[in-house]
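So the structure is just underneath, and the comments pick up after that.
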There are 2 protein chains.
Amino acid sequence: MTANILVVEDEPAIQELLALNIKQAGYNALRSLSAEHAQQLLRETLPDLILLDWMLPGMSGIEYARRLKSDNLTKSIPIIMLTARGDEYDKVRGLEVGADDYVTKPFSPRELNARIKAVLRRRAPQMTDDPIEISGLSLDPTTHRVTGNNVNIPLGPTEFRLLHFFMSNAERVHSRTQLLDKVWGDRVFVEDRTVDVHIRRLRNALMASNHQDLIQTVRGSGYRFSAQSSEQAG
Amino acid sequence: MTANILVVEDEPAIQELLALNIKQAGYNALRSLSAEHAQQLLRETLPDLILLDWMLPGMSGIEYARRLKSDNLTKSIPIIMLTARGDEYDKVRGLEVGADDYVTKPFSPRELNARIKAVLRRRAPQMTDDPIEISGLSLDPTTHRVTGNNVNIPLGPTEFRLLHFFMSNAERVHSRTQLLDKVWGDRVFVEDRTVDVHIRRLRNALMASNHQDLIQTVRGSGYRFSAQSSEQAG
DNA sequence: TAAAATATGACAAATTCATGACAATGATTT
DNA sequence: AAATCATTGTCATGAATTTGTCATATTTTA
């Protein structure tokens, strides 16, 4: 699942440039010319990141950012502000309002990508392309390969996403419902118990390199991917 | 066929410097002293990248950039603007017009090369036209020839481009949409499933030298060109 | 031991992919 | 100009894989 990035920018040329850049980087770009229109889009899909121009017609970017951050539904969506000048004052205000980062125009595409990646890494690590290695188990999103002690481990699509999520959020317990949200997607209706089956399938596959114990059951709560055995305390 | 880079710069000394630098880096340099002359050159060959000075006699660089970006034929050619040092306003306008990056004068050759490389790679990694050899399969972009274990393998145009892209971006998984963007071109409307057919045609051709397994299907994601068998990891 | 929660095996439905056929297009030759 | 050939995109079909659910163990907890 690639990250959805919403661009709110009234200047068509810059919007186009941003969208292009985002697409190039392998993300999905949604666009809006105004805060008002953006608000409508949010009703359909919640993006994983918002690029927000400081200067907007109608509701200003700064005002919109504040509003996004005060709404429980959108509060957790990271925001990168686009500011025209290297004005310290703007930056301060931007961060005050809750923006996660800012980029000053003109920006180099590379810088923009770096910041997007950094922000995504913080909030939705499994959306980034970084390879992960834990206890001899490696997962590489770009090649779509999983190896345990250098032995290839074939996985179905769902198991791959599941493992990817687990490894990006290791050591934490995830309820079945959370897993369904994060791995299957928001608007899917699937039985909670189905998760159990996929856990089993994943464990089964991981047995090839004896990594099956990395997936731990937390009775009454859910599952956890952990490098520490559940036998001993950390 | 190395990448052709067109330098549009009215100052002969700087033009010389740029051209030298470009040649040093292994690209092919075309030169123009004015936008008007550049326009003529474009009729013969479309370069893979344009270095465009902001200040030009006659039609200004910024104006020319806009024109290039509004013409369907040249729209997709990346542009790097050369701007006078620290002129914030120029940069903004440059990016507005659709430039892909900018370099401020005076520039270090290293920086310039880095940016050229970055832009080219982003745009078309397979443009770097060194011959490629993987697992006994060779592709030479200059001669437009493919051989498997020294046996000639005839390919249609699309299959050739497809293989070229695969070999220049080996090991990575590419979705059908990505392949359409990169191999067919951005603004082409073609069914996703059409990729499957061309994959088959390519595999078919590669069977001549038993290289068909280099093209791997990654269910649910796309395709991958990989020297590693999907059974075992290296 | 009973109750609750999880693991597992089986299976049918759904999805995804491979493949062959075919028509449209454009280039080349007759 | 007509005919031939190569290339390309689309579709229909069948094969293969994946996936969600259920029924039935098995384990854990009280």
Side-chain angles (χ1 to χ4, degrees), chain A residues 1 144 146 152-166 173-207 212-226 230-231, chain B residues 144 146 152-166 173-208 212-226 230-231:
Chain A
M1 248 203 283
H144 218 271
V146 175
N152 190 54
I153 297 179
L155 290 180
T158 304
E159 278 70 59
F160 184 89
R161 287 201 309 274
L162 184 57
L163 181 60
H164 190 188
F165 177 76
F166 269 136
V173 180
H174 307 283
S175 74
R176 291 175 175 73
T177 306
Q178 282 172 332
L179 287 173
L180 284 177
D181 277 358
K182 299 289 192 170
V183 178
W184 272 254
D186 286 332
R187 53 194 85 267
V188 188
F189 173 64
V190 169
E191 289 291 324
D192 264 25
R193 284 292 150 202
T194 297
V195 173
D196 297 28
V197 178
H198 283 275
I199 290 282
R200 167 175 148 274
R201 285 170 182 159
L202 180 52
R203 279 175 174 156
N204 240 355
L206 293 183
M207 277 173 55
Q212 71 285 126
D213 293 335
L214 291 177
I215 313 271
Q216 300 171 358
T217 304
V218 181
R219 201 183 167 80
S221 299
Y223 297 94
R224 168 177 56 201
F225 183 99
S226 172
S230 52
E231 305 303 315
Chain B
H144 220 266
V146 176
N152 188 52
I153 296 179
L155 288 181
T158 305
E159 278 69 57
F160 183 86
R161 287 201 309 276
L162 184 57
L163 181 60
H164 190 186
F165 177 75
F166 268 135
V173 176
H174 308 283
S175 73
R176 290 174 176 73
T177 306
Q178 283 172 332
L179 288 173
L180 284 177
D181 278 358
K182 301 289 193 167
V183 178
W184 273 254
D186 283 332
R187 59 195 108 269
V188 188
F189 173 65
V190 169
E191 289 290 323
D192 264 25
R193 284 293 152 201
T194 296
V195 174
D196 298 28
V197 178
H198 283 274
I199 290 283
R200 168 173 149 277
R201 286 169 181 160
L202 180 52
R203 278 177 175 155
N204 242 354
L206 293 183
M207 275 173 57
Q212 71 284 126
D213 292 335
L214 291 177
I215 313 271
Q216 301 172 357
T217 303
V218 181
R219 194 161 244 267
S221 296
Y223 295 95
R224 166 178 58 200
F225 183 99
S226 172
S230 48
E231 305 304 315

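When reading the values below, keep in mind they use all heavy atoms of this one structure, side chains included, and skip hydrogens, waters and symmetry mates. Below, read A as the first sequence line, B as the second, and so on, with proteins coming before strands; counting in each chain starts at 1.
- Tyr223(B) pairs with exactly one of Val195(B), Leu162(B), Val173(B), Leu202(B) by the side-chain contact (heavy atoms from CB on, under 4.5 Å) rule, that one being Val195(B).
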Between Ser221(B) and His144(A), is the side-chain hydrogen bond (donor to acceptor under 3.5 Å, both in side chains) condition met? List the steps. CA-CA 9 Å; Ser221(B) 296; His144(A) 218 271; 3.1 Å; yes

For nucleotides 14-22 of chain C, give me one character per nucleotide, 5' to 3': B if any protein heavy atom sits under 4.0 Å from the base, S if the only such contacts are to the sugar-phosphate, - if neither. --BSSBBB-

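- Close to dG9(D), at under 4.0 Å from its OP1 or OP2, lies a side-chain N or O of Trp184(B).
- Rounding to the nearest 0.5 Å gives a distance of 12.0 Å between CD1 of Ile215(B) and CG of Asn204(B).
- Taking 4.0 angstrom as the limit, Thr158(A) places none of its side-chain polar atoms (N or O) nearer than this to OP1 or OP2 of dT18(D).
- At the heavy-atom level, Thr194(A) lies under 4.0 Å from base atoms of the strands shown.
- Residue Gly156(A) is the one, among Gly156(A) and Val190(A), whose nearest nucleotide of DNA chain D lies closer to the 5' end (criterion: closest heavy atom).
- Under a 3.5 Å cut-off, the side chain of Arg224(A) and the backbone N or O of Gln216(A) do not form any donor-acceptor pair.
- The distance from atom CG of Leu162(B) to atom P of dG9(D) is 11 Å, rounded to the nearest whole Å.
- Toward the 5′ end of DNA chain D lies the nearest nucleotide of Asp192(B), the other residue of the pair Glu159(A) and Asp192(B) mapping further downstream.
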Given side-chain contact (heavy atoms from CB on, under 4.5 Å), test His198(B) with Val190(B) step by step and report yes or no. CA-CA 12 Å; His198(B) 283 274; Val190(B) 169; over 6 Å; no

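- In this structure, Arg193(B) and Arg176(B) have side chains that are in contact, with non-hydrogen atoms separated by less than 4.5 Å.
- Atom NE2 in His198(A) sits about 15 Å away from atom C1' in dA7(C), given to the nearest Å.
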